[in-house]
Structures are given as structure tokens and as C-alpha cells.
Amino acid sequence: MSHKEFRLYDTLSKRVKPLETQEPGHLRFYSCGPTVYSYTHIGNFRSFLTSDLVVRTAMALGWRVTWVCNITDVGHLTQDSFADAAGEDKMARALHSKEGERFHNVWELAEYYTEAYKQDWRQLNLVEPTIRPKATQHVREQILAAEDLIAKGFAYETPTGVYYSVEAFPDYGKLSGNTQENLRKGVRDVVQDDNKRESADFAVWKKDDKHLMQWFSPYGWGFPGWHIECSVMARAYLGDTLDLHSGGEDNIFPHHECEIAQSEALTGKPFSNHWLHTRFLQVNGEKMAKSAGNFYTVRGLMEKGFDPLAIRLALMGGVYGKPLNFTDQGLIDAMGNLERLRRAWTLAEAAAANASGEDTLGQTMSVLYSEALDAMCDNLNTSVALAKALEGAKLIAREGESMSAETARSAAEFLSQINELLGIIRSESGVAPTVAAPSGPSDAEIDALVEARNAAKKSKNFAAADQLRNELDALGIELRDSPAGTTWVRKISL
RNA sequence: GGUGCCGUGCCCAAGUGGCCCAAGGGGACGGUCUGCAAAACCGUUAUUCGGCGGUUCGAAUCCGCCCGGCACCUCCA
């Protein structure tokens with residue numbers, strides 16, 4: 001096991017500190033997954049990618065990781081007030097929207113988007129979590145937790161549900177930096193529920209016999225509050241105290257604040273020793289929103305011709321702790337870098353059959369890998385880690401085809417290690433990127449034109465050859481001549 | 001009103017007290033290669049870090065004020 005120290009920013013203590021495991025060499029880690037009422041967008045995936053990189057770094061250090069990443073398949077409220085009145089929730093709204101028409105019920109809708117999410121997950125080459133529990137599979141424990149919270153004096157029943165009494169938990173606010181006083185003042189124009197003791201009190205259970213998903217409880221028909229599912233599932237799979245808990249920055253408040261209040265009230269122990277939050281992703285300088293038409297999904301970008309690993313690379317260009325501006329140009333840049341890394345690997349593999357000789361890269365490659373791992377251990381500095389990877393690729397390319405077999409082996413070893421750590425060169429999932437063939441000429445048609453140009457070149461009819469090259473360019477085809485022949489790629493149009 | 005984050009070259013983006021006259025990528029420019037291009041490869045491209053003061057032997061990094069941007073405050077990764 002490596003003795004490198006893995007340091008990460010901790011939202012709770014507001015400083016970078018070593019990630020410590022209660023059991024030596026075994027990380028117990030919980031990540032908040034998506035609500036499956038629509039396609040998971042690349043902003044969501046940025047936060048899952050952060051978790052993936054924590055896991056990869058931990059594994060590179062020789063740790064064992066138990067990673068739980070939940071799926072929220074219960075429709076939670078779009079607005080507090082609506083739920084009581086009309087039972088409208090995110091899932092129900094999705095079902096009644098245009099995209100929802102093809103589903104017979106919310107269960108089918110949740111199932112569909114769960115599958116889509118898992119597919120996109122694999123395309124991005126994210127490590128498979130140890131377990132992906134679904135909220136709906138743990139409703140019984142959520143009801144038991146509600147009962148226990150009432151018994152312990154942290155929650156109370158009203159005509160509309162079971163509510164957590166924020167006042168009973170003095171630490172409420174410790175994660176987000178809010179004080180209860182400020183929270184009280186700051187509550188926006190939310191419709192007040194007079195049954196609640198405090199406006200800041202939050203639902204553990206909602207009574208609602210009209211809801212599309214409902215379960216029977218000691219409080220009658222209804223459904224669990226959003227925050228209780230994570231408290232319950234984290235405890236079920238990882239124990240009372242987690243080593244690390246992660247999510248998007250918007251989870252800090254209220255979600256994680258409420259999880260802490262519930263879990264610590266239930267167990268009397270710290271809920272998590274380390275809190276990790278990924279900043280939001282902006283798209284071309286703007287907040288990503290369906291209404292703005294910049295709601296990017298993995299599958300959507302792949303349809304435009306982007307390789308999923310280029311999406312991954314683009315998401316890793318900046319560090320997780322700062323907002324990242326995801327741009328079209330950034331994606332194009334990433335496509336280029338991806339090609340460069342792959343070319344270096346192909347080159348190294350081909351050169352493995354070369355004559356034996358001095359290993360001119362071994363030393364440098366191991367230093368570069370070590371520096372990349374150091375960067376990851378330094379609060380997941382993906383920018384620097386990526387820079388080290390590209391520097392290595394550059395050195396390999398410089399050695400060229402004639403490198404010795406030993407050099408080639410060192411080069412391949414480096415790229416393989418980098419790929420394991422960063423997941424950016426070749427997908428481990430075995431899923432072939434299903435990059436859709438864009439509209440336009442077929443491969444065969446293009447091949448025919450390329451052949452015609454090659455023939456013209458051979459007979460030194462350069463005017464005709466250039467004419468064909470222009471035609472192909474107009475079709476969005478880029479030609480690449482080399483001594484070994486001509487290849488072509490489709491240029492990506494945004 | 002409360003809480004937190006950010007402003008680094010034409011663009012994206014690391015670095016948060018001396019290793020920085022600031023990594024890496026893109027772009028641009030020059031070169032090698034090529035029938036010419038493209039691709040590839042090689043090289044060049046910030047005495048400077050939003051502005052103004054201050055602390056310090058030393059600041060992009062700390063403090064103050066100002067300007068600009070963003071997020072959260074019970075829907076959101």
C-alpha cells in the first residue's frame with residue numbers, strides 16, 4: 001500500500017485535510033445519486049465523476065473501497081406547498097410532460113431513466129459502485145427511522161406528515177454555515193405550513209393518499225421525505241459513520257444538512273467524517289437549464305459525434321472545487337487530447353516488437369505517473385494530473401516508431417497506469433462507444449471519393465485530386481495523408 | 001437580508017507566501033514533412049495574476065476597500 005497521503009477539502013471543517021478511513025485501507029463512501037425523472041445531464045455527471053476519481057485514486061493507493069451511490073426513484077416535491085395540496089411531484093410532472101407520454105406510469109418512467117443513467121455512466125467510463133440502492137427498496141427502513149426519530153424526540157407528527165424539529169438538533173446548520181437564526185430570517189416566499197412548529201422543519205414523511213407512489217405507514221398512506229432515504233441507505237450499507245460523503249454543491253443545503261440532523265439524531269454518532277462537494281458546471285458561460293436550451297446529456301453529445309471519453313476529459317479540465325465552464329471549444333480540445341493519448345498508446349504497443357535496446361523513458365515515465373498520482377492526492381487536482389498525462393504522451397510521440405522494445409514497454413505501462421487512475425484513454429467497461437453516424441455521405445461513399453483522389457494523385461493529376469479534396473471538405477471530411485496511406489475522419493459540427 | 005465561491009495570456013485552466021520573470025490544453029505564428037495542403041512532430045507565444053492601498057526581506061498567493069461574475073437559502077449533482 002502506498003504511503004502517499006490523500007488530501008481532500010472537507011466542507012464541514014472548511015479546510016483541506018487527509019481523507020482518513022476508520023478501518024485501515026478500507027474507504028466507506030456514500031455518494032448522492034440522481035433523481036431519475038429525466039435524462040441525467042453532464043452537470044450531474046460532473047459530480048459523479050468526482051466520486052469516481054476519489055475511488056480511482058483510493059484504489060491506486062491500494063485501498064479497498066465500498067462505494068454506495070443511490071438512485072432516487074421516489075418523486076420528491078417541486079414545491080413544499082404543492083405536495084400537500086395537489087400531490088404534484090417531479091416524477092408526476094415528468095410523467096405528464098410531453099416526454100412522459102410514452103410511459104404508462106411513474107414506475108416505468110423511473111425504470112427507463114435509471115437504465116439511461118446507467119448506460120451514460122458506463123459510457124463515461126465511471127467505476128461501477130459497489131452497490132446502487134434504490135430509495136423505493138428501502139421505504140420500510142425509512143418508516144422505522146421516522147418512528148425512531150419521533151420516539152427520540154427529534155420529530156413530530158402533524159395532520160400533513162412527520163416533521164423533523166430543527167430546534168431539537170442544535171448543530172443544524174453546521175455544514176452549510178447557516179445559523180438557525182439566519183435560516184429563520186432567510187426563508188423565502190415558501191408557502192408556510194401552519195402545522196409545522198418552525199418553518200425550517202423539514203418532512204421525514206408526507207401523508208398523501210393521492211400520490212402516484214405511496215406506501216402504508218403508521219401515519220397512513222404517504223411517501224418518505226427526500227432526506228431520509230440517504231440517511232437510511234448510508235447506514236444500512238456502510239454503518240453509522242461514513243468515511244466520506246459526496247454530492248453536488250446544491251446538496252450542501254438543505255439535503256446534507258438534513259441528513260446530518262437525522263442520522264446523528266438516530267445514532268448519536270458523527271454521520272460522516274469528511275464531506276465532498278462538486279461545484280456546478282456552466283455551459284458556454286451560462287447556467288445549464290432546459291429552458292435555455294443548453295441541457296447537455298452524454299447521449300446528446302455523442303449524437304453530435306463526440307467520444308464519451310472526450311466528454312470525460314473535458315469535465316476533468318478544471319478542478320471539482322471550482323465552477324467549470326463547459327464549452328464546445330473545450331470539448332473539441334478534449335477530442336484532440338484524447339486522440340493524442342491514444343496515438344501514443346498505439347505507437348507504444350506497435351513498438352513493443354522492436355529490437356531490444358536501452359530504456360530511454362522508464363525513469364521519466366515513472367516520475368510522471370508519480371506526479372500525476374500526487375496531483376490526485378492533492379485534493380483531486382485533475383488539471384495537473386492531465387498535464388502529466390499529456391506530457392508523457394508528448395515524450396512517447398517524440399521517441400517515435402523506432403523506440404526500443406524496453407522503451408515501448410515503459411511507455412505502455414505508463415499509459416496503462418494513467419488510464420487506470422484517470423479513466424481517460426480507453427474505456428474499461430467494454431462498452432463500445434455508440435457514436436451515432438451523422439447524417440451525410442456513408443462510409444462507402446467517402447471511401448470511393450478518397451480512392452478516386454488517391455488514383456488522381458498517383459497519376460499526378462493534382463488538380464483533380466485537390467478538387468476531390470475540396471469536395472470531401474465540403475462534406476465535412478478531413479483527410480489525413482501519411483506514408484502508410486490516407487485515412488479520414490468526420491469533422492464535428494456544433 | 002443570510003451563507004459560500006470566483007475574477008490568472010486571445011479562449012479554457014492549474015498554482016493560494018520564496019521551487020512562479022505563473023503548469024497544461026486550444027488558438028495564433030515560425031519550422032520539419034508534403035506535389036501543394038491537412039494531419040503529425042518541433043519551436044515561439046503573460047516581468048504578469050480585476051482595481052487601489054496595506055502587511056512582509058519576499059505576494060497571483062495574506063489583510064482592507066472598491067469593481068465585476070456565480071451559487072445556495074427547503075425543486076436541482
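Quick caveat, the model's predicted, so the values are computed rather than measured. The figures here come from the full heavy-atom set of this structure, side chains too, leaving out hydrogens, waters and symmetry mates.
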task: State which residue, out of D250(A), N251(A), T50(A), fulfils the side chain to side chain donor-acceptor pair (under 3.5 Å) condition with T278(A).
output: T50(A)

query: Starting at NZ of K388(A) and ending at C1' of G25(B), how long is that distance when rounded to a whole Å?
result: 14 Å

query: If pairing requires Watson-Crick or G-U wobble contacts with both distances under 3.5 Å, which nucleotide is the partner of C76(B)?
result: none

- line: If pairing means Watson-Crick or G-U wobble with both distances under 3.5 Å, then the partner of G27(B) is U45(B)

message: Please encode protein proximity along nucleotides 34-42 of chain B as a string of B, S and -, counting only heavy-atom distances under 4.0 Å.
response: -BBBBSSSS

task: Write down the distance between CG (N70(A)) and P (A77(B)), rounded to a whole number of angstrom.
output: 10 Å

task: Could you tell me how the ring of F202(A) sits relative to the ring of Y172(A): parallel (under 30°), tilted (30 to 60°) or perpendicular (over 60°)?
output: parallel

Whole-Å distance separating the CG atom of D250(A) from the P atom of A71(B): 12 Å

query: What nucleic acid atoms does H41(A) come within less than 4.0 Å of, heavy atoms only: base, sugar-phosphate, or nothing?
result: base

message: Without decimals, in angstroms, what is the distance between M335(A) CE and G26(B) C1'?
response: 15 Å

query: Whom does U34(B) pair with, Watson-Crick or G-U wobble, provided both distances fall under 3.5 Å?
result: none

query: Is the NZ or CZ atom of R197(A) both under 6.0 Å from the centre of the six-membered ring of Y156(A) and within 45° of that ring's axis?
result: yes

For G18(B), the Watson-Crick or wobble partner whose two distances fall under 3.5 Å: C57(B)

field: Nucleotide nearest N381(A) when distance is taken to its side chain, options G26(B), A14(B), A77(B)
entry: A14(B)

query: Can you tell me if H277(A) and H256(A) form a side-chain donor-acceptor pair at under 3.5 Å?
result: yes

task: Measure from NZ or CZ of K304(A) to the centre of the six-membered ring of Y296(A), then state whether that distance is under 6.0 Å and the direction lies within 45° of the axis.
output: yes

task: Please state how far atom CZ in R7(A) lies from atom P in U16(B), giving the value in whole angstrom units.
output: 12 Å

Short N/O separations, protein against nucleotides 9-13 of chain B, under 3.5 angstrom:
| residue | atom | partner | partner atom | Å |
| --- | --- | --- | --- | --- |
| A13(B) | OP1 | N325(A) | N | 3.2 |
| A13(B) | O2' | S383(A) | OG | 3.4 |

task: Could you tell me the separation between the NE2 atom of H256(A) and the P atom of C72(B), rounded to a whole number of Å?
output: 15 Å

